[in-house]
Amino acid sequence: MFGSNDPLDFINHIRDNQDQFWELFREHMELVVYATIIGLIIAIPLAIVTSRIQAIEKPMTWIANTGQAIPSLAVLALALPLFGIGFQPSLFALSLLAILPIFLNTLVGIKSVDAAVVDAARGMGSSDMQLLFQVQLPLAMPFLFAGIQTAVVQSIGLATLAAYIGGGGFGDWILQGLAVRNFPILLAGAVPVAVLAMIAEVSLGIMRRIVVPKGLTV
Amino acid sequence: MRYILDNPERVFELTVEHLQLVFSAILIAAIIGIPLGILISRVKWLALPVLNISGILYTVPSLAFFAILIPYTGIGKTTAITALAVYSLLAIVRNTAAGMNEVPAAAVDAARGMGMGQFQRLRLVELPLAIPYIFAGLRLATVAGIGIAAIAAVIGGGGLGRLIFDGIRSIDANRIVAGALMSIVLALLAEYGFSKLALLLRPDMRVKAERG
């Protein structure tokens, strides 16, 4: 069964189909990058507003936590009856799910800024905006970065599933490999995705250590 | 919704299958993960490599993980449970170790002063104090497991994912919605049910789980 006995045959499949490989790579990364950017654009202002308004902090946190418990496949699958098949419904689902970790981490970051530091900034005559951009956000950086890391790694996985609703990416080869029961095609999709996710996790971790000052590491 | 009302037996059957997948995986992961968590809280130099390796493994997307396992474990439940158990392991090891490290040194000293040996201390003092954390790990593993098990349907794992993928294949919104809704309900029940259970066991302690 499954075409080949040598698990490493997938390398040949990639070599023989290099154009398609890079096309799938591009589709995959487009989903991940766009979803993360949309997630950032929505989540950061949302976290700032939430950190300022006591009354909505609890419900917003509850919603985000509950959202994280929801199976991601369910979100992706529900995008299909709502928006049809293709790139856009996939991007919609991925963005929605990218908002959650970025929002929660940014909120925790802003909230964890020492009250004494906030007081000191106020005492020096900082306006609301100065307090936010010169004190709270810089100090929340390590958390924000952790949120982005989670969102990117999670999106790489979700983009794989997006192939099922026509989103493209490496999931296409996994899907095809399963359908025609062919190991090399299956692994030609699966191994790059696994490597991609691990590289993203490790490199964003390293980047976080470089960008974030030593005294601020969490 | 209509699909659930029209086919209650089928939905029930798939729900049971889904939970079987998740619970067998959690059981395996707990049997390996709790002792491993205790071990790395004792043998400090092991902690970093174990947590780092499991942390990196955890980032591998579940669909890719299933696919990579297929050459070794074939199509079906074995592959599904293996992958699920590996994912659950991370949450359980991490939280067990965190719980053990949170045990107040004074409590351990007191136990030692009362003449308790290694194993008595573990059984009577440290583990009971670490229970809320271990529970948090189990909860996290269960909630994530319910989500990942839905994906296992593509590699013949069965469960509610079958409704979702069959629905996608035949563009049948009713089935997609039925599968998605049921998996959401299960995940939320696990998320909030577990917290309630932990509070019943240890009403004095609330902890946040350490996500992966």
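Proteins come first, then strands; the chains are lettered A, B, ... in the order of their sequence lines, and each starts at number 1.
Within 6.0 Å of the NZ atom in K196(B), the count of heavy atoms belonging to other residues, nucleotides or ligands does not exceed 12. A 6.0 Å sphere centred on OH of Y34(A) holds no more than 12 heavy atoms belonging to other residues, nucleotides or ligands. More than 12 heavy atoms of other residues, nucleotides or ligands lie within 6.0 Å of CD in Q20(A), so this atom counts as buried by the packing criterion. Annotation for D19(A): atom CG does not count as buried by contact number, only 12 or fewer foreign heavy atoms lying within 6.0 Å. Counting heavy-atom neighbours within 6.0 Å of F12(B) CZ, excluding the residue itself, gives a total of 12 or less.
Only the side chain of V202(A) has a heavy atom closer than 4.5 Å to any heavy atom of chain B. Heavy-atom distances place the side chain of I164(B), and not its backbone, under 4.5 Å from chain A.
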(request) Determine, step by step, whether I75(B) and R181(A) satisfy the side chain to side chain contact (heavy atoms under 4.5 Å, CB included) criterion, reporting the C-alpha distance in whole Å, the side-chain angles of both residues, the deciding distance to 0.1 Å, and the verdict. (result) CA-CA 10 Å; I75(B) 279 201; R181(A) 308 232 149 185; 3.6 Å; yes
| request: Carefully, step by step, assess L73(A) and F165(B) under the rule side chain to side chain contact (heavy atoms under 4.5 Å, CB included). | output: CA-CA 10 Å; L73(A) 178 65; F165(B) 286 111; 3.7 Å; yes
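Within residues 59-69 of chain B, the residues approaching chain A closer than 4.5 Å by heavy atoms are, in numerical order, T59(B), V60(B), P61(B), L63(B), A64(B), A67(B), I68(B).
The CD1 atom of I85(A) lies 8.0 Å from the CD1 atom of I168(B); values are rounded to the nearest 0.5 Å.
For I176(B) against L78(A), the heavy-atom pair with the smallest separation is CG2-N, 4.3 Å.
Taking chain A as the reference chain and counting heavy-atom pairs below 4.5 Å, the highest number among A180(B), G147(B), A150(B) is found for A180(B). Interface summary for chain B: among T160(A), L175(A), T150(A), the most heavy-atom pairs under 4.5 angstrom belong to T160(A). Taking chain B as the reference chain and counting heavy-atom pairs below 4.5 Å, the highest number among A190(A), G157(A), S72(A) is found for A190(A).
Looking at I174(A) and V154(B), their side chains never come closer than 4.5 Å, going by heavy atoms from C-beta outward.
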